[in-house]
Amino acid sequence: MILEKFYENPETLHVGTEENRCFYMPLDLQEKENARNLSGIDWKFGYFPCVEAVPEFQRKDFDEEQFGRIEVPSCWQMLGFDQKQYTNVRYPFPFDPPYVPDNNPCGAYIKYFDISRSEAKEEQFLYFEGVDSCFYVWINGKFVGYSQVSHSPSEFNITGKTKTGMNKLAVLVLKWCDGSYLEDQDKFRMSGIFRDVHLIFRPKEYVRDFTVTTPVDFAGNTARVEVKLDSVVGEPQVICELWDKDTLLGECEAKDGSAAFSVKDPVLWNAEEPYQYTLKLRTPEEILVQKVGIRTISIKDGVVLINERPVKFKGVNRHDSSPYTGAVVSRVDAMFDLRIMKEANINAIRTSHYPNAPWFPQLCSEYGFYLIAEADMESHGGATVYGGSTEGTFSYFAEDPRFKASVMDRVQRNVIRDKNCSSVIFWSLGNESGYGTNFEEAGRWVKNYDPTRLLHYESVHFEPAGHKKDESMLDVESHMYASTQMIDEYFAQPGEKKPFVQCEFIHAMGNGPGDIEDYMQQIYKYDGFCGGFVWEWCDHATYEGRAENGKEMFHYGGDAGEFPHDGNFCMDGLVYPDRRPHEGLYEWKNAIRPIRAELTDRKKGIIRLHNKLDFRNLKDYIYLRYEIKKNGVLMEEGILDELEAEPHGFMDITLKLPAKTEERYYLKLTYYQKAKDKLTQVGHEMGFDQFALSEEKEKEPAFENKGEPLTLTETPEAFCLGNEFLHYEFGKKEGNFIKLERHGEALVTAPVEWNVYRAPTDNDRNIVNVWKEAGYDRSVVKVYGCEAKLRQGIVTITCDFSIAAVFIQPFLRLHAVWTVNGDGEIRVTVDGKRDTAFPFLPRFGLKFCIPEKQQEVAYFGYGPHESYCDKHQASYMDVFHTTVPELHRDYVRPQENGSHYNCFTVKVGNLTARGRKPFSFNASEYTIEELATKKHNYELEKAGCVVVCTDYKQSGVGSNSCGPQLLPQYRFDEEEFVWEMLYCFE
Ligand code: GAL
């Protein structure tokens, strides 16, 4: 096939398309959609490696037998065609704009549709919600047009090209076009007609585009709903109606292209109570319906206000993505996302990095989410070209005049499509495309076109050489992954400041994120810090069926053999690809809970509840349940359901608290929803606070001289101690027990080991190289001296040793004292000295392998979720009962997981551990080596034992997979430490 090369010509972005308009489907006078969704399984399809290989399939005489069938919408890579590819920054083709490879894969689609006699009299349009990356359209063999911008609709007027009866629609989709340079988002690269296609019928005269605005007079308690007709075909009479549910509030005829309503005592829209009115535009033969949320957006003294009240955006970045269908997302899928987001207290979404499906912002308006609505624009790959840099080539498309129209087009399409959605608070010019003239102009256009919203663009921080940038049109200071220190510095600057937002932060890849609370503290501390958006909502992967062992297989970058790829960098969501929550979602949920409590007077039992909601009073919305536990046993509980506090206000409650004792008392307040919301139910748990009521003193684990007195013998390798029931051997080279037996049965299946390493988490991806340089992953013990003594039936072994790796000096020097009694209880006290020239340690502790069948676990510590020193927002202190398999967190790329922080005691099978100070533990069916080396969870092989790690300390997890380095307070970098533990086998 020979095509005109629009696809390599940034001067021709669209051919034969209609002007942009806001998204709607027109209704007939009976209020039925005057449109037909052409999506379905009856499209014919041919896949070709390049344009030249495509036959003239649009022609009438084409033999369609050669084509197969395809479902629309779909991404052809998900159906076995072409190559799956996940790449982040690097372009999947040579960087030679505006040219793309000659071997440009193509999908040829044929669809037949019927036009009735009455329909034939109407104007007919084809409306493509989204096609990746560009496409040519023919009707009955006649060329209709061409379009691009994958995540934006394209509409074609096909009147006059159709006939009554059967019509042939032919669409040729190309994988790449000049626009692909501007669609370099961090995602699986997918192609095809991936959103719905509609056949729309309209009268000769109609309203094509309109804008609704809702100014509010707060003093007078009235609002206006103003309608501006931006584009009208013909001169139809336009009657506007404003409805409040079933009540007609007003009706008027549009004059000079506009109409307005005054609404007394308006119910204002906000994400917590997303109330919407209904606007109808009636022309003699058609009705357009638009939901309207009345709300204002402003900035005062550097603070973002909605309806004149300060708000905090507790957001996530969301792609349209599914492991089963790629970029195709149904309303059911989207509703599923929105429901779990609501349940997790999330109130904002950034549509990273392109407009999501056109009905998505409408759902957000309906169900209450604030949006940063982002243009389909990312050209990050400019930074990775040969000799390229963030300073220079990153801004290539931001500056190149050939792409000025493209940048503007993308920005305009985003704004015009969604401009009537109350959910949209910010427009975003795109993501990671550098900065320059093209963005300045696009930004100015937005502010001029829609002064009612705020403008966002994070990539403004890059200034191309020789150009003094203008960022005056941007309303917020947006950053991604700014450190807490950088944020403090921003707010410490004198003078007026723009509101600060983190459009991406808390990188939720793998085991993490560990820095949530540190950021939340700042968000609440600084009025001007309007919030942040977690990167990101879900792991991206492709579902590849089940492995032989029955486990589901999710694949990430590289698994399809593609080049380039970015491995599992796409697996960085708060939920797994199939939307099962990661622990990170629970962490985020509780960090953004609607109430935060403070124990203000321990003696009098006064607790201050801070209402963290921006619009709702706690009254009639939230109740709380309190419980007081002593050593994990419930002592008292009750419900307080008469809460009342204004948004951002507080109330004090008083509870009778036990007097201070040595016992471990905890008070937990759990917040529940009192009234049903659109997406959440009465009784839904919204979050909790917990307070330790006793002093967290060190407790010496009781160690007595009990049991049958021990005997002590010695071999060149070991000290052997035992009695009638016990036989323990302490390895002189290992500095540890190499055998523990009772009644002739092994208590451990391998020698006990000193352990400093963990299976690197995704967030360890940088530090792991430093750890490996220090040899932490391959360290061995060197014993300098070891002595054993028997006194009154108790054996004491002292041992001086160090830990080091081949060719590297020791990083830890240790002195341990072990004491064993006749019951086989082992007490160990370790004095450690760390060489501070070495990096902080992943962990330090003792590792036991106990028999496989010992699966029962009980612990007193932070649970039930996996917890680390910087990741325990979702966990609370209690006694938990579980099993070894249940402790495992099945990250798609295996890594350290399932630890529990701040434990007083743990029992795994027969092994009980107690600490003088709280410690951490993991109990796993997998070895650290197995977790460290396997690429996918379904490849994991069990160790044949339970690996129990008890750690003096384990470093936090942080979010350094993309975020800042692990904060110093979460690193295990003590120079000297003392650790005391007691182990016994019951
Ligand atoms: C950001 C980018 C995101 C994503 C993230 C890393 O720089 O905007 O799209 O790539 O990094 O996961």
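Sequential numbering from 1 along the given sequence is applied to the chain's residues.
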Quiz item: Under 3.5 Å, is there a donor-acceptor pair between the Asp677 and Tyr367 side chains?
Solution: no
Quiz item: Does Asp184 come within less than 4.0 Å of Arg189, counting only side-chain N to carboxylate O?
Solution: yes
Quiz prompt | With Asn88 via side chain to side chain contact (heavy atoms under 4.5 Å, CB included) - residues at least two apart | solution = Tyr86, Asp186, Asp566, Phe569
Practice problem: Identify whether NZ of Lys or CZ of Arg in Arg350 sits under 6.0 Å from the centre of the six-membered ring of Phe533 and within 45° of that ring's axis. | Solution: no
Quiz item: What pairs meet the salt bridge (charged side-chain N to carboxylate O under 4.0 Å, His left out) rule with one or both residues in residues 506-526, with sequence neighbours excluded?
Solution: Glu517-Arg596
Self-check item: Qualifying salt bridge (charged side-chain N to carboxylate O under 4.0 Å, His left out) pairs, either residue in residues 953-964, two or more places apart
Solution: Lys953-Glu974
Quiz item: Do NZ/NE/NH1/NH2 and the carboxylate oxygens of Asp559 and Lys84 come within less than 4.0 Å?
Solution: no
Quiz item: Aromatic rings Phe972 and Tyr952: how do their planes relate, parallel, tilted or perpendicular, breaks at 30° and 60°?
Solution: perpendicular
Exercise. Measure centre to centre between the rings of Phe880 and His865, then say whether the value is under 6.0 Å.
Key: no
Exercise. For Glu552 and Tyr938, test the side chains for any donor-to-acceptor distance below 3.5 angstrom and give the result as yes or no.
Key: no
Quiz item: Quick one: side chain to side chain donor-acceptor pair (under 3.5 Å) partners of Ser423, sequence neighbours excluded?
Solution: Ser365
Practice problem: Test the Lys772-Tyr757 pair against the cation-pi criterion, namely NZ or CZ under 6.0 angstrom from the six-membered ring centroid and within 45° of the ring axis. | Solution: no
Practice problem: Answer yes or no for Lys871 and Tyr901: cation-pi contact, defined as NZ/CZ to six-membered ring centre under 6.0 Å and angle to ring axis within 45°. | Solution: no
Quiz prompt | salt bridge (Lys or Arg N to Asp or Glu O under 4.0 Å) partners of Asp320, counting only residues at least two apart | solution = Arg195, Arg318
Quiz prompt | Ring center gap for Phe500 and Phe529 short of 6.0 angstrom | solution = yes
Quiz prompt | Mutual orientation of the aromatic rings belonging to His507 and Tyr481 [parallel < 30°, tilted 30-60°, perpendicular > 60°] | solution = perpendicular
Self-check item: For the student: nearest non-hydrogen atoms of Ser924 and Leu931, plus distance
Solution: OG-CD1, 4.5 Å
Quiz prompt | Pairwise distance CG(Asp689) to CG(Asn590) - rounded to 0.5 angstrom | solution = 7.0 Å
Quiz prompt | Aromatic centroids of Tyr859 and Phe921 separated by under 6.0 Å | solution = yes
Exercise. Measure from the ring center of Tyr556 to the ring center of His540 and say whether it is less than 6.0 Å.
Key: no
Exercise. For His456 and Ser428, test the side chains for any donor-to-acceptor distance below 3.5 angstrom and give the result as yes or no.
Key: yes
Quiz prompt | salt bridge (charged side-chain N to carboxylate O under 4.0 Å, His left out) partners of residues 880-896, not counting sequence neighbours, each pair once | solution = Lys551-Asp890, Glu583-Arg889, Asp762-Arg893, Arg843-Glu896
